[in-house]
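These numbers were taken from a predicted model, which means no experiment stands behind them.
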Amino acid sequence: MPTEVDLHLHTTQSDGRLSPTELVRLVAQKGLKVVAITDHDITDGLAEAYEAAKAYPQLTIIPGVELSTDIPGNEIHMLGYYMAYKDAGFQATLVRFREGRVGRAKEMVRKLAELGMRVDWERVMQIAGEGTIGRPHIAQALVEKGYFQYPQQAFEKHLGRNGLAYAEREKMTPTE
């Protein structure tokens, strides 16, 4: 039975590889009927996705977002659907979380340099593009510099929660 629903998709607005338009085109071509765009801490790709979806009347796009939340010793990624994503207060919270991601990313790049793994901050920002900056962008910069063959290797020892270069950022609790 073919898949018709995917409720956890990312675009280039966070750590996805396709723009909202490209993602909509792909999921429509694959025959999906309902999708949720759930970028990390940002909803900016939704307007473009809705515009692109006009060409595919069989496709329903659910507005979503992915938020990282803290629990003792770990984190849980929570998906939100059908939120009032245009609400100014909600958007202010997302801006604050994205700013925290930038600060964390800069701190991780600094820690990596102390470990002898120098990556260029400007390159990390280029990889992230206009989207929310995250650890996958740092991992990709590390791969490009030849420190690792695959991004996952960077997470295992350096960028993961207990990694040598890990840095915290502001998060909510799951209850919040």
Side-chain angles (χ1 to χ4, degrees), residues 6-27 36-49 64-80 85 90-174 176:
D6 192 331
L7 299 178
H8 187 186
L9 296 171
H10 297 289
T11 73
T12 51
Q13 289 295 314
S14 63
D15 57 0
R17 297 194 180 261
L18 301 175
S19 72
T21 298
E22 293 166 334
L23 181 64
V24 166
R25 186 178 308 123
L26 177 65
V27 299
I37 295 181
T38 56
D39 284 313
H40 295 276
D41 300 331
I42 194 166
T43 60
D44 290 5
L46 289 172
E48 180 183 335
V65 69
E66 182 171 355
L67 301 174
S68 298
T69 63
D70 254 342
I71 60 172
N74 211 338
E75 70 181 28
I76 296 174
H77 292 206
M78 297 187 73
L79 299 172
Y85 69 93
F90 180 67
Q91 287 300 322
T93 298
L94 294 182
V95 166
R96 194 174 76 242
F97 288 161
R98 290 194 304 273
E99 289 170 352
R101 284 178 172 274
V102 171
R104 173 178 71 171
K106 286 180 177 179
E107 177 64 9
M108 292 176 94
V109 166
R110 185 193 66 73
K111 286 182 174 185
L112 286 164
E114 287 179 354
L115 295 168
M117 305 174 102
R118 299 193 186 285
V119 293
D120 195 35
W121 174 248
E122 287 74 25
R123 181 61 188 137
V124 172
M125 290 191 312
Q126 286 174 345
I127 294 168
E130 294 181 22
T132 301
I133 198 161
R135 293 179 292 167
H137 305 117
I138 299 169
Q140 183 60 42
L142 288 165
V143 168
E144 288 178 4
K145 284 286 215 168
Y147 295 115
F148 299 101
Q149 188 174 1
Y150 303 105
Q152 185 56 39
Q153 294 168 319
F155 277 86
E156 290 168 3
K157 188 172 181 184
H158 293 86
L159 303 179
R161 185 161 182 111
N162 297 311
L164 298 172
Y166 184 79
E168 281 292 341
R169 67 178 179 88
E170 179 187 2
K171 296 181 205 126
M172 294 187 273
T173 66
E176 293 169 323

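For the pair Ile71/Thr173, no side-chain contact is recorded, criterion being any heavy-atom separation below 4.5 Å from C-beta on.
Counting only residues at least two apart or on different chains, the salt bridge (Lys or Arg N to Asp or Glu O under 4.0 Å) pairs with a member in residues 136-145 are Arg123-Glu144. For residues 90-105, every residue pair satisfying the salt bridge (Lys or Arg N to Asp or Glu O under 4.0 Å) rule, not counting sequence neighbours, is listed here: Asp41-Arg101, Arg96-Glu170. The list of salt bridge (Lys or Arg N to Asp or Glu O under 4.0 Å) pairs with a residue in residues 69-79, not counting sequence neighbours, reads Asp70-Arg161, Asp70-Lys171, Glu75-Arg135, Glu75-Arg161, Glu75-Lys171.
In this view, Glu22 satisfies the salt bridge (charged side-chain N to carboxylate O under 4.0 Å, His left out) rule with no residue, not counting sequence neighbours. Residues satisfying the salt bridge (charged side-chain N to carboxylate O under 4.0 Å, His left out) criterion with Glu176, sequence neighbours excluded, are absent altogether. With sequence neighbours left out, Phe148 forms a ring pair (Phe, Tyr, Trp, His ring centres under 6.0 Å) with His158.
Summarising the geometry, atom CD belonging to Gln13 is positioned 11.5 Å from atom CG belonging to Leu23; distances are rounded to the nearest 0.5 Å. Taken from CG in Leu18 to OG1 in Thr11, the straight-line distance is 8.5 Å, to the nearest 0.5 Å. The line from CG of Leu112 to CG of Leu159 is 6.0 Å long, rounded to the nearest 0.5 Å. One finds the NZ atom of Lys111 at 9.5 Å from the CG atom of Leu164 (value rounded to the nearest 0.5 Å). Distance check: Ile37 CD1 to Leu7 CG gives 11.5 Å after rounding to the nearest 0.5 Å. Separation of atoms CG (Asp44) and CG (Leu94) is listed at 8.5 Å; rounding is to 0.5 Å.
Here the side chain of Glu48 pairs no donor or acceptor atom with the backbone of Gly45 at under 3.5 angstrom. For Lys157 (side chain) and Gly163 (main-chain N/O), no donor-acceptor pair under 3.5 Å exists by modelled atom type. A donor-acceptor distance shorter than 3.5 angstrom exists from the side chain of Gln91 to the backbone of Tyr85, with no hydrogens or angles considered. A distance-only check finds a donor-acceptor pair linking the side chain of Thr38 to the backbone of Leu9 [under 3.5 Å]. Distance alone, capped at 3.5 Å, places no donor-acceptor pair between the Gln140 side chain and the Pro136 backbone.
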- Run the side-chain contact (heavy atoms from CB on, under 4.5 Å) check on Phe90 and Thr43 step by step: do they pass? CA-CA 10 Å; Phe90 180 67; Thr43 60; 4.2 Å; yes

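The aromatic rings of His77 and His40 stand perpendicular to each other, their planes meeting at an angle above 60°, with 30° marking the opposite boundary.
Checking Ser68 against Arg169 by side-chain atom types alone, a donor-acceptor pair falls below 3.5 Å. Defined by atom type and a distance below 3.5 Å, a donor-acceptor pair is missing between the side-chain atoms of His137 and Gln126.
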